[in-house]
Amino acid sequence: VYSGSTVTWKFEQGFNNPIPFGKEYTVSVTTKVNSCSEKIINQAHVELYGHAVDEIRAQAVVTCGASTPDAPTVTTPVTYCQGDAAVALKATGTSLKWYSVSVGGSGASTAPIPSTVDAVTTKYYVSQTVAGVESARAMIEVVVNAKPSVPAVANDGPFCVGEALTLSVPAMASATYAWTGPNSFTSTDQNPTVSASATLAMAGDYSLVVTSAKNCASNPGKTTVVVNKIPDAPIVITRIKYCQGETETQLSATGSGLLC
């Protein structure tokens, strides 16, 4: 109902268009109520041969309380990665009430803190109360994205100085890779080559963090690289001399893992 609104009922008039006795005429008006205890008065005059001989009146009285306030202002969705530290949900409004269901239920004045233990999507609802009238509920969707598992990183060592040193990890769809290691080593390759010619300084722990397409990072995976120096040549005695016809003896050398 709005102030000053007028509804007019118009009937066809004339000698050949009589109004049947007992006929009901209905006019429906749908509008937003912005004032209370007002009346809509619909009035019709029936004329016979140009003379008003009857009057029909109908009225509706609207009685209501305060207008229903708008739902609170919210930001949705709210996204987390599994295991993240969550904070209490937020909304802008007066005397907020928080619910776990869209209708019914019991509201709480304290904003909930979402759980990020499981990778699930949860809906929360919030209303505001103004002048004793509670609004409709706004919905906040909290999305907890899965955290990638710790990557199973590996290397093909132990390596000798001068050999190619490479690292590896199984592929993850749409993932990005962040390797770190000794001597400020970094790489974004899935299976990087640290060096085509390993040095002793390249030995140590290499770590990898994998980030999913949902921008959730894994805990680091680690692999330890061993680089061995090339040993010195064995100690030998040379030249060994024989006279023709003498009995030879087995050659000897001082060292480890000797190969002929």
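- For the side-chain hydrogen bond (donor to acceptor under 3.5 Å, both in side chains) test, residues two or more places apart in sequence or in another chain that qualify with Ser127 are Glu134.
- Within the structure, the ring pair (Phe, Tyr, Trp, His ring centres under 6.0 Å) test picks out no pair touching residues 101-126 (sequence neighbours left out).
- Side chains of Val209 and Ser218 form a contact here, defined as non-hydrogen atoms less than 4.5 Å apart.
- Closest approach of Glu141 and Met139 over heavy atoms only: N-SD, 3.5 Å.
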- Query: Going through the checks in order, is the side chain to side chain contact (heavy atoms under 4.5 Å, CB included) test met by Thr129 and Val133?
  - Reply: CA-CA 5 Å; Thr129 300; Val133 179; 5.8 Å; no
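- Between the side chains of Tyr242 and Thr249, at least one donor N or O lies within less than 3.5 Å of an accepting N or O.
- Within the structure, side chain to side chain donor-acceptor pair (under 3.5 Å) contacts touching residues 105-120 (residues at least two apart or in different chains) do not occur.
- Listed by first then second residue, pairs satisfying salt bridge (charged side-chain N to carboxylate O under 4.0 Å, His left out) with a partner in residues 91-109 number zero, not counting sequence neighbours.
- Taking both residues in full, the closest heavy atoms of Cys81 and Val144 are given as C-CG1, 4.1 Å, listed atom of the first, atom of the second, then distance.
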- Query: Given the rule in the side chain to side chain contact (heavy atoms under 4.5 Å, CB included) test, do Val78 and Val143 qualify, once you have shown the distances and angles that lead to the verdict?
  - Reply: CA-CA 6 Å; Val78 176; Val143 180; over 6 Å; no
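- Inter-residue side-chain proximity for Val227 and Val225 is flagged as met; some heavy-atom pair is nearer than 4.5 Å.
- Residue Glu246 qualifies as enclosed at atom CD: its count of foreign heavy atoms under 6.0 Å is above 12.
- Qualifying side-chain hydrogen bond (donor to acceptor under 3.5 Å, both in side chains) partners for Asn219, counting only residues two or more places apart in sequence or in other chains: Lys147.
- Between the SG atom of Cys160 and the CG atom of Leu165 there is a distance of 11.5 Å, given to the nearest 0.5 Å.
- The salt bridge (charged side-chain N to carboxylate O under 4.0 Å, His left out) contacts involving residues 210-231 comprise Asp205-Lys222, where partners must be two or more places apart or lie in separate chains.
- You'll find the side chain of Arg137 reaches within 4.5 Å of the side chain of Val101, heavy atoms only.
- Partners of Thr223 by side-chain hydrogen bond (donor to acceptor under 3.5 Å, both in side chains), not counting sequence neighbours, listed by chain and number: Asn155.
- The side-chain heavy atoms of Val87 and Ile113, taken from C-beta on, include no pair separated by under 4.5 Å.
- For Thr211 against Ala217, the heavy-atom pair with the smallest separation is OG1-CB, 3.9 Å.
- You'll find the side chain of Trp98 reaches within 4.5 Å of the side chain of Leu96, heavy atoms only.
- Looking at Asp70 and Ser135, their side chains never come closer than 4.5 Å, going by heavy atoms from C-beta outward.
- At a threshold of 4.5 Å between non-hydrogen side-chain atoms, the residues Pro72 and Thr92 do not count as touching.
- For residues 148-167, no pair satisfies salt bridge (charged side-chain N to carboxylate O under 4.0 Å, His left out), with sequence neighbours left out.
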Donor-acceptor pairs under 3.5 Å, side chain of residues 167-185 to any protein atom, not counting sequence neighbours: which ones?
{"residue": "Tyr177", "atom": "OH", "partner": "Met172", "partner atom": "N", "Å": "3.0"}
{"residue": "Trp179", "atom": "NE1", "partner": "Asp189", "partner atom": "O", "Å": "2.9"}
{"residue": "Trp179", "atom": "NE1", "partner": "Gln190", "partner atom": "O", "Å": "3.3"}
{"residue": "Asn183", "atom": "ND2", "partner": "Ala201", "partner atom": "O", "Å": "2.8"}

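- Using a 4.5 Å heavy-atom cutoff, the side chains of Val126 and Tyr99 are not in contact.
- Among residues at least two apart or in separate chains, there is no side chain to side chain donor-acceptor pair (under 3.5 Å) pair with a member in residues 71-85.
- Heavy-atom contacts from other residues, nucleotides or ligands closer than 6.0 Å to CG of Leu200 number more than 12.
- Under the side-chain contact (heavy atoms from CB on, under 4.5 Å) criterion, Thr193 pairs with Thr166, not counting sequence neighbours.
- For Thr247, the side-chain hydrogen bond (donor to acceptor under 3.5 Å, both in side chains) test picks out no residue, with sequence neighbours left out.
- The distance from atom CG of Leu251 to atom OG1 of Thr238, rounded to the nearest 0.5 Å, is 9.0 Å.
- Under the 3.5 Å distance criterion, the side-chain polar atoms of Ser212 are matched with a main-chain donor or acceptor of Cys216.
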